[in-house]
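Written below as structure tokens is the structure these notes are about.
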Amino acid sequence: MSEPSDLDLLYTDVEDDLRAVVRRLLAQRCDPHAVAALYDGDRSPVAPLWHGLATELGLAGLIVSEDRGGAGATAREAAVVLEELGRAVAPVPFLTSSVIAATTLLDTDSTLVRSLAAGETVVALTLPWSTAPFDDLPSIAVDRGLLTGTMTSVAGAVEADVLLVPVATDEGVALYAVSSEEVQVTPIVSLDMTRQLADVCFSGVAGELMLLDAETAVRRGLEAGCALLASEQLGIAQWCLEATVAYVKDRRQFGRAVGGFQALKHRLADVYTGVESAAAAARYAAASLAAKSDDLSVACGVAQSYCSDQAVAAAEEAVQLHGGIGMTWEHPAHLYLKRAKADQLALGGPGAHRRQLADLVGISAS
Amino acid sequence: MSEPSDLDLLYTDVEDDLRAVVRRLLAQRCDPHAVAALYDGDRSPVAPLWHGLATELGLAGLIVSEDRGGAGATAREAAVVLEELGRAVAPVPFLTSSVIAATTLLDTDSTLVRSLAAGETVVALTLPWSTAPFDDLPSIAVDRGLLTGTMTSVAGAVEADVLLVPVATDEGVALYAVSSEEVQVTPIVSLDMTRQLADVCFSGVAGELMLLDAETAVRRGLEAGCALLASEQLGIAQWCLEATVAYVKDRRQFGRAVGGFQALKHRLADVYTGVESAAAAARYAAASLAAKSDDLSVACGVAQSYCSDQAVAAAEEAVQLHGGIGMTWEHPAHLYLKRAKADQLALGGPGAHRRQLADLVGISAS
Amino acid sequence: MSPVVTRPRHRSSAADDRPTDLAELCRRAADFLDDHDGQDSATFLRARFDAGLAWVGYPEGCGGWGLPLAWQSEVDRIFEEAGSPSNRPEVNDIGLGMAAPTILTFGTDEQKRRFLRPLWTGEEIWCQLFSEPGAGSDLANVSTRASRDGDEWRVTGQKVWTSRAHNAQFAILLARTDADVPKHQGMTYFLCDMTDPGIDVRPLRQITGEAEFNEVFLTDVRIPDSRRLGAVGDGWKIATATLANERVHIGGQGAARETGMIGVVAATWRRCPDRRAPDLHDRLMELWVDAEVSRLSGMRLQQKSTHGRPGPEGAAMKLSFARTNQRLTGLELEILGEDGLRYSDWTLVRPEEVELTGRDAGYRYLRAKGNSIEGGTSEVLRNIISERVLGLPSEPRVDKVSPWKELAK
Amino acid sequence: MSPVVTRPRHRSSAADDRPTDLAELCRRAADFLDDHDGQDSATFLRARFDAGLAWVGYPEGCGGWGLPLAWQSEVDRIFEEAGSPSNRPEVNDIGLGMAAPTILTFGTDEQKRRFLRPLWTGEEIWCQLFSEPGAGSDLANVSTRASRDGDEWRVTGQKVWTSRAHNAQFAILLARTDADVPKHQGMTYFLCDMTDPGIDVRPLRQITGEAEFNEVFLTDVRIPDSRRLGAVGDGWKIATATLANERVHIGGQGAARETGMIGVVAATWRRCPDRRAPDLHDRLMELWVDAEVSRLSGMRLQQKSTHGRPGPEGAAMKLSFARTNQRLTGLELEILGEDGLRYSDWTLVRPEEVELTGRDAGYRYLRAKGNSIEGGTSEVLRNIISERVLGLPSEPRVDKVSPWKELAK
């Protein structure tokens, strides 16, 4: 078993400032009604919002080193951004481009990192969004430099300018880059339209080889995704708790604020307990990633096992405790439920993470 | 998948009358303090209580046919008796002798059935109490008619006059009968002292062959045990619910009956829902056994999966909602918690039953 | 019970006499079928109503003969097997299930004569205007106001969760007629014409993308006093009677094993061997057991209530139903994994019928969230169980005695 | 803060001056060890107290020098490494953890002088007489009465859940001195001599067979007024301060991974390969994750509260701790199967220390049930979280204003 590390699980002043800036921008450009409109196909708010985050705030290259054009921050700061994106169910490719693709690219010397960091190019790692870092990696076939095949349910592809493609070679998985204009990207009706997936079809397109032996880089990208998805899930759960507490304080039934009914109070106390615990798990994963800790895989497994389920539980309680209004399209609760549930299926899912964790900590299934 | 049957899940007038008689006797001879004293080794109340049930009420041979000296009733009536025994955490060998051993013996033409039915002889099937009907059966070795070996954690052995012993032969499992005076029966300190287990050691003792090909009979005995243990578990859960409801109506804190606090009300509503559901599952298992239904194995699996966990849940809630008093030796709640938890580990346990059930209903694990 | 309504005599044959046994009733139905070809659906259904072969348990003149309710299914079977026109009960569930029994019990002769026949034939669809944004679980808190104006009432307010409002001709309506008395005392019950120009029906889109329900805005809607049901101020009592008919449908009474959501999810499991994992398997089996136990509980409840109404025990069934459905649908998405990330269609549609097990896994997951809200939230059901079944003290209430207008909103 | 107690001068050396930094303090401890051989434990400990090396954070004369609390562990380490006599804090947890800080804050100079030294040295063990059969979660409902009689008080009543009562010399006692005022106002706090003939201590056997606690019956117990702590009627305020010291121990602050119950159950799993099954494995892994998340939450809480008391967030830790322990111990018995049916020993014993992870799996299962009761029930903790952290309305209370004697019991 790897040794757990003694890391700071709180927020630094710098992180608090970053949070404030991100939250302010989201309050201005990420209105819940605009987010709901994504479900009806209106994606117009995505571009200005992403421009604000990526370019104006310079977050596209947050974790890219300064010498490659990034902000040189760590996963801890990226986690804070993701908490805020979760709180706002923001429809932006930060996790897919600025975390997963950026981490994967850090092993290359490609200049693509620089344009990613500048907010000029959005990049997506072309794998099904349900792929865990420890799964067998699906891949695309290559013949004389031409890529052929289909990758389904890819997150971030709709927004991407460049696709990073795991390609099967005799020596293992290589990584190619392809302009998204040269492939067929078919958006699919997704359970969570705030992270709309797409099927990507390669029909003999030429790709640029980024890395020959790319399995480690790809898995590292996915693992970073797991570590920080937990913070997005934390943000979702926090919004659900806060919105529900505010609602039950205000909503009156039987002559009383419903938040005074003890059964609801106790359930919200349990949600609070879960959210606080999720914060510890998510912060530990982010800090482990930032510190390149040996314990990162355990931290990821714990965070994904816990935060995935916790975000769903918080969103389900939010819908229920809002009563009928939580079932309506008008109220934003449904946006969080869909995001939480889709996030639970992403990057492996809690059951797969627990099975992997069992191996890591020596609790064999049989 | 076997076809479910359309059976009566309620109680007949005859069953109600039987319940009243059993309940009256238990009220007179099965005081909770006397039951608690079993934990300190005082087993004096067991004999008169069993005499009352077995002989005075004639329940020892309840499910044995009249032509073999029994009452000719069915598993439905035996289930009602077990509900009452569960409600009173009664320390009697009804389940082990009058259900499991009796059912196993029904396949033989032994006269032992007659003395069992008359309440003269208590019989126990000598297997670990955790054995499921579908497990590989542990067995005792035989050499020229002499039995050698040890069987651990046997229920009903402490009270038994005769032990039924699964014995390994070249043709499979045979069944022998041995007088308990000829073997070493070592009572063990048990989690549930109201069904105290014993290790039974056979050191070259002569046994009487009851049945040569006995595997079916033994499994049938265990399956009857599963079907009716569910009713004992139902009785435990019912007592826990009723005692807790009575307690919280009476107990005052913060100037109110604690039963008026909504969080407790909702938890008790959930316990009620569980108990009512357990009643349906237990009645279906008993009725399926009585009707020799093709669906019996499914009914047993459902009843054991559900009622085992439900009795534990009800007992755990009872201890918690009684506050500190539920943690004391003085209050009977602990007797029910121990019985419920031990019952959960008996005859296979809920997880094993669910795995077996999965095969029966075509939901393969892999 | 003597006839309360002067029944139009379309036929002069055997219809004069109340059938004395089931066989006689079946003969009457067979005779009716011999005499009516059913080419015109409405004509056929009206005649069936007038022949007392609609609701056989209703009194003479109200579509029946006051016969045992249990005979109804026999008559329905005969008409169905003959392929005769249907009154399509599936699109008028509120009319048939809630409005009709209430009108029968509380209506005037004139009201029964006017409304029951077109309601039963399906010529007039009904909806229910009870719930309001501010009156959810606390239904008595309605603030839609009805003020007397000569022989009419003028009604203004907002209703919500109204299924079928967009194609209903009439509504049962609960409105406040007196704000100076405690809230349960100041309501009155009306039969409201949905074609009134003061009525504006808007689809209420829900979490699934669909709009099963509507919001209904009432602005100065006029209702003649003759369409008041029961006395002024009796609205709560009558609405309670209406709702007592609601919570009966849940549960697998008499249903086969693996009916409903468990059947769908078990099928998904069997179809997707590559998605199987030990944790998912154990959770599925737990829920399989829960679903089977619910089925058995429904069977038991039905056996208990053969001679009467299911009591508040039905609340426990509904609690289990919602919980099991919600867990099953959540699990199904986890089983599906990548496929669970896809949804069928978010387009706003107004479905005529709702199938909880229909569409895709994502829809089922989202729709099941309503199971613990609609027809009584799980929280209200737990209150009912703890108070009415277990006899625990009720919540401290301040809102039962103060005049409605003085309660904080 | 100037010395509040005239300190006996056993040594005339450096003890006169307050150490100015940690290094100086450590030197002082080393000097002390040079001068004292520790052959007689009591003499050694008294001297250590007098040298201000007992509680370094307490004021001069009270066993310390008013130094930062964080320096304590350094001093303790030095004495421990030297193998010097211990005051055995593990058998006087209530004295050290609850009585001492309360006496320090609310006691008279005379009370501090009389009690703090023998308390710290372990010569006098303390227990707590707060809880009563009728005052569980509602601690303010004490009905043990104390009546003034000249310079004394006479106390009669029953206390319960009293650990260490059978070998305690003193107790902190909460008793009702005025029944005519609301319940929170009529209590007074006393320091009670446990050797008084009116005190009868009986073991309170619990679910595990053991008696960690006692019932204490007080019959006309005499307490001099000089052993009243604080003003008459201030009992509730002082008891609240005492209890604020209680809820701090829970949780894995700084503990290693797989510490506590998860370590025990994981070891059982690793030891019993033949008992493994997929459902048990997934449940164990869920709880492994819960335990690890609790550990991280404890770490986080500790980081938060470096400069202050853990707030009511500690309540969430304790909730998780109880739930995880209870589930783990229930699971362990299922893992063990047949072996889980055996218990070590039901004999009534009075353990000096309680080890939640000790004895056998059956014991752990039963003992863990207390985790959601002792030190604040999980229900009370959920109230605290919902009201003090989330700001939800408190329960309607009738018992805060009426005179205590008029409340229904």
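The analysis underlying the following values was restricted to heavy atoms, covering all of them including side chains, and did not include hydrogens, waters or symmetry mates. Chain letters run A, B, ... following the sequence lines, proteins first, then strands; residues in each count from 1.
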Worksheet entry | Exam field: side chain C:R300 to backbone B:L10, donor-acceptor pair closer than 3.5 Å | no
Practice prompt. Under 4.5 Å heavy-atom distance to chain B, tell me which part of C:N383 shows up: side chain, backbone, both or neither.
Written response: both
Discussion item. So, taking the atom named CD in B:E276 and the one named CD1 in C:I385, what distance separates them when rounded to the nearest 0.5 Å?
Written reply: 9.0 Å
Worksheet item: Do you know which two heavy atoms are closest between B:Y272 and C:A316, and how far apart they sit?
Response: CE2-CB, 4.0 Å
Practice prompt. Compare every heavy atom of B:V361 with every heavy atom of C:R270, then report the nearest pair and how far apart it is.
Written response: NH2-O, 2.9 Å
Item to complete: Could you have a look at C:P278, C:A266, C:S297 and say which one has the most heavy-atom pairs with chain B under 4.5 angstrom?
Response: C:S297
Response to the item:
From the list C:E379, C:M285, C:E387, the residue making the most non-hydrogen contacts under 4.5 Å with chain B is C:M285
Discussion item. Looking at chain C, which one of B:S364, B:G274, B:A278 has the largest number of heavy-atom pairs inside 4.5 Å, strictly under?
Written reply: B:S364
Fill in: Note, B:S305 side chain near C:E286 side chain (heavy atom, < 4.5 Å)
no
Worksheet item: Judged by atom type as modelled, is there a donor-acceptor pair below 3.5 Å linking the side chain of C:H281 to the main-chain atoms of B:R355?
Response: no
Worksheet entry | Atom pair CE (C:M317) and OG1 (B:T273), whose distance is rounded to the nearest 0.5 Å | 10.5 Å
Discussion item. Less than 4.5 Å to any heavy atom of chain B: does that hold for the side chain of C:L280, its backbone, both, or neither?
Written reply: neither
Fill in: Crowding at CD, C:E74 (>12 non-hydrogen neighbours, <6.0 Å)
yes
Discussion item. With rounding to the nearest 0.5 angstrom, report the CD1 to CD1 distance, B:I363 to C:I262.
Written reply: 5.5 Å
Item to complete: Report yes if some heavy atom in the side chain of B:V298 is under 4.5 Å from a heavy atom in the side chain of C:R257; otherwise report no.
Response: yes
Item to complete: Give the minimum heavy-atom separation between B:K265 and C:S386, together with the two atoms involved.
Response: CE-OG, 3.4 Å
Worksheet, complete the sentence: If one checks every heavy atom of C:E292 against chain B at 4.5 Å, the contacting part turns out to be side chain
Practice prompt. Using non-hydrogen atoms and a 4.5 Å limit, figure out which bit of C:L319 sits close to chain B: side chain, backbone, both or neither.
Written response: side chain
Worksheet item: Do the charged groups of B:R256 and C:E395 touch, with an N to O distance under 4.0 Å?
Response: no
Discussion item. Checking the side chain of B:K249 only, and the main-chain atoms of C:P393 only, is there a donor and an acceptor separated by less than 3.5 Å?
Written reply: no
Worksheet item: What part of B:D8 gets closer than 4.5 Å to chain C, counting heavy atoms only: side chain, backbone, both or neither?
Response: both
Practice prompt. Working to the nearest 0.5 Å, report the span between CG of C:L392 and CD of B:Q262.
Written response: 11.5 Å
Worksheet item: Taking atom CZ of B:R283 and atom CE of C:M299, what is their separation to the nearest 0.5 Å?
Response: 12.0 Å
Practice prompt. Name the region of B:S366, side chain, backbone, both or neither, that has any atom closer than 4.5 Å to a heavy atom of chain C.
Written response: backbone
Discussion item. Looking at C:W288 and B:L357, would you say the former's side chain and the latter's main chain have a donor-acceptor pair under 3.5 Å?
Written reply: no
